[in-house]
Engineer: 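Before I ask anything, let me first share the structure, which is written out below as structure tokens.
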Amino acid sequence: MSAVLPLRREAPSAKGASAALTSRLLAYAIVGVGALIMLAPFYFMFVFATQSRTDIFNVPPPLWFSDELLNNIKVLTTRLPFWKNVGWSLYVGLMSTALTLLFCSMAGYAFAMLEFRFKKVLFALVMGTMMVPAFMNMIPSFMVMDALGWIDTHRALYIPGAASAFGIFLMRQFAASTVPHELINAARIDGCSELGIYWRIALPLMKPALGTLGLITFISSWNNFMNPLIVMRTAENYTLPLALRSLFSTTSTEWGALMAGSAIATLPLLFLFVISSRQLIAGLTAGAVK
């Protein structure tokens, strides 16, 4: 009886290993170049924030930091009620985030877990609003805010968009894929109300999606320029994007102060992204792969 010889794995050839290493290095090089291209505007913004207006337009442009930052901030706070604008942006961003999380999570839970008449039709209407271009809402939004007496008030910046179609869609998809129907039915049998089921059971299970939607909403509100441009009238009530835009002039734009203000406005977003990038990606991809 002949002995059974064990199967031997062939060692990868030197040529194949070299090709794999080359492709990996090429991929790293492409990613590195792309990262440099994306980070270059941020780097120059922070560099120009420390330069005077004349130094910014030197040829070649300055590539390292200077000592004009305090002067640029002084010009910025002289031309604008800058710190008040920062406070209003923070207030509007937090209110927008809180209301969006509340209403979108409630609507997403209802569309995912409840059965009611015209459910599919209503959800289709909600999704259909995502196809309407934003510029088509400008005049109707202004007319509604004027009729309500909300012109030059900050509630006009966070109440109209508190139940966004994207937020409802995200929460509905996440709830449908992660909240077990058996758990909901068991809570109903135990006599828990629908509001109690939503608050005590569904909402804790939707924390990843809540974190993702909160980040997206806060960043969108912080960067929002068009809505404040439509409804705001006084510089004291401006949010940061509109306040920085008011620094532009056809004759004497203080570019150093503008870059300093832009850098200060960017710092909270960079901080949020650094501490929550994993949460953002996890929330967007949750339920995509089982």
Side-chain angles (χ1 to χ4, degrees), residues 38-98 134 138 141-142 145-146 149-161 215 217-275:
M38 294 186 65
L39 291 175
F42 294 97
Y43 175 77
F44 280 106
M45 178 180 64
F46 286 109
V47 169
F48 290 166
T50 64
Q51 307 287 338
S52 65
R53 182 174 62 176
T54 56
D55 291 338
I56 290 175
F57 292 97
N58 285 341
V59 179
L63 300 177
W64 193 244
F65 302 94
S66 184
D67 55 357
E68 293 291 326
L69 177 61
L70 294 180
N71 291 333
N72 289 333
I73 293 178
K74 183 178 180 180
V75 172
L76 182 67
T77 54
T78 302
R79 299 270 304 263
L80 292 173
F82 180 72
W83 300 116
K84 182 178 288 187
N85 300 141
V86 173
W88 283 127
S89 284
L90 184 62
Y91 167 74
V92 172
L94 292 176
M95 289 298 296
S96 297
T97 303
M138 293 170 56
S141 296
F142 175 80
M145 295 303 104
D146 187 38
W150 288 4
I151 297 297
D152 206 24
T153 62
H154 294 94
R155 68 177 70 96
L157 301 179
Y158 57 80
I159 291 181
L215 286 171
T217 304
F218 183 84
I219 292 172
S220 299
S221 176
W222 187 269
N223 292 329
N224 190 4
F225 173 76
M226 189 57 63
N227 289 345
L229 180 65
I230 294 173
V231 299
M232 289 300 162
R233 294 293 178 268
T234 57
E236 288 76 13
N237 291 332
Y238 285 173
T239 54
L240 269 178
L242 190 58
L244 294 176
R245 176 61 181 82
S246 66
L247 288 176
F248 280 96
S249 172
T250 57
T251 56
S252 60
T253 300
E254 292 290 345
W255 290 102
L258 182 61
M259 290 296 105
S262 301
I264 294 173
T266 305
L267 286 176
L269 302 185
L270 291 178
F271 177 74
L272 278 177
F273 181 77
V274 168
I275 65 174

Engineer: Quick check for you: to the nearest 0.5 Å, what is the distance between E236 atom CD and K84 atom NZ?
Structural biologist: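 Result: 5.5 Å between the selected atoms.
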Engineer: Determine, stepwise, if the pair W150 / F142 fulfils ring pair (Phe, Tyr, Trp, His ring centres under 6.0 Å).
Structural biologist: CA-CA 9 Å; W150 288 4; F142 175 80; over 10 Å; no
Engineer: Identify the two heavy atoms, one from L244 and one from L258, that lie closest to each other, and give their separation to 0.1 Å.
Structural biologist: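 For L244 and L258, the tightest heavy-atom pair comes out as O-CD1, 3.4 Å.
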Engineer: Hey, could you give me the CG/CG distance between L269 and L272, rounded to the nearest 0.5 Å?
Structural biologist: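 Reported value, rounded in 0.5 Å steps: 6.5 Å.
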Engineer: May I ask you to check whether over 12 heavy atoms, not counting those of F248, lie within 6.0 Å of atom CZ?
Structural biologist: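 Buried by this count: over 12 neighbours within 6.0 Å.
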Engineer: CZ of R245 to OG1 of T239: how many Å apart, nearest 0.5 Å?
Structural biologist: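 With rounding to 0.5 Å, CZ (R245) is 13.5 Å from OG1 (T239).
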Engineer: Does any part of the side chain of F48, heavy atoms only, come nearer than 4.5 Å to the side chain of P62, both counted from C-beta?
Structural biologist: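 The answer is yes, as the side chains (C-beta and beyond) meet within the 4.5 Å cut-off.
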Engineer: With a 4.5 Å heavy-atom cut-off, do F218 and V92 have their side chains touching?
Structural biologist: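 No. Closest side-chain heavy atoms not under 4.5 Å.
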Engineer: Please confirm whether the ring centroid of Y158 lies under 6.0 Å from the ring centroid of Y91.
Structural biologist: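 Yes, the ring of Y158 comes within the 6.0 Å limit of the ring of Y91, centre to centre.
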Engineer: In Å, rounded to the nearest 0.5 Å, how long is the span from CE of M145 to CZ of R155?
Structural biologist: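 Between atom CE of M145 and atom CZ of R155 there are 10.5 Å.
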Engineer: Tell me, do M45 and M259 make a side-chain contact under 4.5 Å, heavy atoms counted?
Structural biologist: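 Touching, per the 4.5 Å side-chain cut-off.
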Engineer: Do the side-chain N and O atoms of T50 and N72 include a donor-acceptor pair separated by under 3.5 angstrom?
Structural biologist: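 No pair is found: no donor N or O on one side chain lies under 3.5 Å from an acceptor on the other.
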Engineer: Please confirm whether the backbone N or O of L240 pairs with a side-chain atom of S89, one donor and one acceptor, at under 3.5 Å?
Structural biologist: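 Here the side-chain-to-backbone pair exists.
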Engineer: Would you say the side-chain atoms of Q51 pair up with the backbone N or O of W64, donor to acceptor, closer than 3.5 Å?
Structural biologist: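 Yes, the answer is positive, given that a donor and an acceptor are paired below the 3.5 Å cut-off.
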Engineer: For S221 and N224, does a side-chain donor sit closer than 3.5 Å to a side-chain acceptor?
Structural biologist: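 The answer is no; no qualifying pair exists.
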Engineer: Looking at every non-hydrogen atom in both residues, tell me the closest pair between I264 and W83 and how far apart they are.
Structural biologist: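 Answer, listing the atom of I264 first, then W83: CD1-CH2, 4.2 Å.
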Engineer: Are any of the side-chain heavy atoms of L94 and T97 separated by less than 4.5 Å?
Structural biologist: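 L94 vs T97: side chains apart.
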Engineer: If every non-hydrogen atom of E254 is compared with every non-hydrogen atom of R53, which pair is closest and at what distance?
Structural biologist: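 So the two residues come closest at OE2-NH1, 3.9 Å.
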Engineer: Does the pair L157 and M232 meet the rule for a side-chain contact (heavy atoms from CB on, under 4.5 Å), with working shown?
Structural biologist: CA-CA 9 Å; L157 301 179; M232 289 300 162; 3.6 Å; yes
Engineer: Is the backbone N or O of A235 less than 3.5 Å from a side-chain atom of N85, with the two atoms forming a donor-acceptor pair by type?
Structural biologist: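 Yes, N85 side chain to A235 backbone: donor-acceptor pair under 3.5 Å.
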Engineer: Work out which heavy atom in L76 is nearest to a heavy atom in G261; give both atom names and the distance.
Structural biologist: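 That would be CD2-CA, 3.6 Å.
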Engineer: Roughly how far apart are F225 CZ and Y238 OH, rounded to 0.5 Å?
Structural biologist: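 The distance works out to 9.5 Å.
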Engineer: Any chance you could lay out the side-chain contact (heavy atoms from CB on, under 4.5 Å) test for V231 and D152, step after step, and finish with the verdict?
Structural biologist: CA-CA 5 Å; V231 299; D152 206 24; over 6 Å; no
Engineer: Which heavy-atom pair separates L242 from P228 by the least distance, and what is that distance?
Structural biologist: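 Nearest pair, atom of L242 first, then P228: CD2-O, 3.5 Å.
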Engineer: With side-chain contact (heavy atoms from CB on, under 4.5 Å) as the criterion, how do F46 and L267 come out once you've worked through the C-alpha distance, each side chain's angles and the decisive distance to 0.1 Å?
Structural biologist: CA-CA 10 Å; F46 286 109; L267 286 176; 3.8 Å; yes
Engineer: If you count every heavy atom of other residues, nucleotides or ligands that lies below 6.0 Å from F42 atom CZ, does the total exceed 12?
Structural biologist: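 Open.
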Engineer: I'd like to know if the side chain of S96 reaches the main chain of G93, judged simply by a donor and an acceptor atom lying under 3.5 Å from each other, with no hydrogens or angles considered.
Structural biologist: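 Here the side-chain-to-backbone pair does not exist.
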Engineer: Please give me the minimum heavy-atom distance between R233 and I230, naming the atom from each residue.
Structural biologist: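 Closest approach of R233 to I230: NH1-O, 3.1 Å.
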Engineer: About how many Å separate CE of M95 and CG of L90, when rounded to the nearest 0.5 Å?
Structural biologist: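 It comes to 12.0 Å.
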Engineer: Should D55 and S52 count as side-chain neighbours, where that means a heavy-atom distance under 4.5 Å?
Structural biologist: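 D55 reaches S52 side chain to side chain.
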Engineer: Do any N or O atoms from the side chain of H154 and from the backbone of W88 form a donor-acceptor pair under 3.5 angstrom?
Structural biologist: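 No, the answer is negative, given that no donor and acceptor are paired below the 3.5 Å cut-off.
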